[in-house]
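Here the structure is laid out as structure tokens; the discussion comes afterwards.
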Protein chains: 2
Amino acid sequence: MGVEGEQTVTRRREIVLTSAAEFIRSGYAGTSMSAIARALGMQKASLYHHFPGKEDLFVACIDEAFSGTHHRLEAIAADRGMTVRDRLNTALDELYDIYLGREMGMMPALIAEAAARIPSIGEQFFDGLFAQQDAAIMAIIDQGIAAGDFAVDNRKALVHMIFGPIVMASMSVQMLSGSTRADSLLPLDEVRQGHKQMLMAAITRRG
Amino acid sequence: MGVEGEQTVTRRREIVLTSAAEFIRSGYAGTSMSAIARALGMQKASLYHHFPGKEDLFVACIDEAFSGTHHRLEAIAADRGMTVRDRLNTALDELYDIYLGREMGMMPALIAEAAARIPSIGEQFFDGLFAQQDAAIMAIIDQGIAAGDFAVDNRKALVHMIFGPIVMASMSVQMLSGSTRADSLLPLDEVRQGHKQMLMAAITRRG
DNA sequence: GTCTATATTTCGATAGAC
DNA sequence: GTCTATCGAAATATAGAC
């Protein structure tokens, strides 16, 4: 691949990252192609040269947001230099860092919103990229079950108890983005530590 | 209050309920005043006779969605005909029925989206109507703590572990609204029962 | 690959008759 | 209280020069 090809890839990725930030802040319908072009410092027509339309650009944003996370979780699951409990703890920290650091927790809400306009998008990502993240986390928990450390009654519910509070924290951050009292109303570190501790307690095998 | 007044109240409530359903399905920016008027079988100009603008109509939808829930939870907390565990269990069922029955779990996502356009809305409802629901649930849990049945380390995290999975389930329903495999991909009853059991286990005092 | 200019539709909101 | 008609702005998307 030559220099031009690499630059094209970089440019495309730059567009996707900027677009994702705009979608996260203003929603799918609330983000215009003009606003994205403005944030990139380019003209709207130039944006349409890289992506055929708004829907395609949005799908690219979802792929970008979730594909990387999936692989990072799998790398943690494969790291046998840690105990299973440490692997799970590291994976949960990774999820919090990614979901809150880039406000990626708004993505499920965005997809739910866009699903009314782009029918295929909902099932495609619930059963695709979401399922991959679920599987990566559950793989670590299955390691703990095999080792006799963990016990899980309801796997589907556990997934919701892992991702639900993280997604809700991200939405709350967005909700309070214009508030000066955001830090006191939503103590993120406290919620994060408490969430991790309650999760660990919930799956730790007793006896 | 005369007949005309009552009809006006009813008409206003009818508009709010229909609007809320439209906002939930298509998002704040994605829902036009024309679409709401069409769903009501009236003209757009008639809609503007009842509400001065889209923002005011949206705020009315949020109030309608959350004010009733708050009072129903408080009624459960005050019912001493049940054990504390049964009160909490009933309150959680009430939350699931309301949040999933009317897809009210999309409201936090809607408010997060609208917060970028209506700056006051985020803090107002996080610190207002949300906080009232949190307090109503925590009041029941505090009854259990006082009775020696429950023990809670991190109250903020517990609130996220109660509402997070419910909100996420509601968003997933929206996400899969166009899917024929929704029931198998998202077994709502299974998730609900598992969530309740894990919550109960997490706050039950041991020893 | 980026630009200016524009086509077409839809948006929130209003005026005024009835 | 509901309607028809309409305004100005902004939306997605395209045409075509450079």
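Residue numbering restarts at 1 for every chain, and letters A, B, ... go by the order of the sequence lines. As the structure is a prediction and not an experimental result, all values here were calculated from the model.
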Check the distance between [N]'s [atom2] and [X]'s [atom1] and give it to me in whole angstrom.
X        : N      : atom1 : atom2 : value
B/Arg117 : D/dA9  : CZ    : C1'   : 13 Å
B/Met33  : D/dT2  : CE    : P     : 14 Å
A/Arg38  : C/dT2  : CZ    : P     : 18 Å
B/Ile36  : C/dT10 : CD1   : P     : 17 Å
B/Met42  : C/dA13 : CE    : C1'   : 16 Å
A/Glu14  : C/dT2  : CD    : P     : 10 Å
B/Arg12  : D/dG1  : CZ    : C1'   : 15 Å
A/Gln43  : D/dA13 : CD    : P     : 17 Å

Using a strict 4.0 Å threshold on nitrogen-to-oxygen distance, state whether A/Asp142 and A/Arg155 make a salt bridge.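 A salt bridge is present here (some side-chain N lies under 4.0 Å from a carboxylate O).
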Salt-bridged, B/Arg192 to B/Asp97, with N to O below 4.0 Å?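 Answer for the salt bridge query: yes.
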Hey, does the Lys NZ or Arg CZ of A/Lys196 hover above the aromatic six-ring of A/Tyr96, less than 6.0 Å from the centre and inside 45° of the axis?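 Not flagged: A/Lys196 not positioned over aromatic ring of A/Tyr96.
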Give the ring-plane orientation class for B/Phe130 versus B/Phe66, where under 30° counts as parallel, over 60° as perpendicular and anything between as tilted.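 Because their plane-to-plane angle lies in the 30° to 60° range, the rings of B/Phe130 and B/Phe66 count as tilted.
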For DNA chain C, find the residues of residues 44-57 of chain B with a heavy-atom distance under 4.0 Å and give them by number; none if there aren't any.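 Under 4.0 Å from DNA chain C: B/Lys44, B/Ala45, B/Tyr48, B/Gly53, B/Lys54.
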Closest contact, heavy atoms only, B/Ile137 versus B/Ala91: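 Minimum heavy-atom contact is CD1-CB, 4.0 Å.
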Using every non-hydrogen atom in the two residues, find where B/Leu73 and B/Ile140 come nearest and quote the distance to one decimal.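 That would be O-CD1, 4.4 Å.
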Ignoring backbone atoms, test whether B/Ser32 places a side-chain nitrogen or oxygen under 4.0 Å from the OP1 or OP2 oxygen of C/dT10.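 No.
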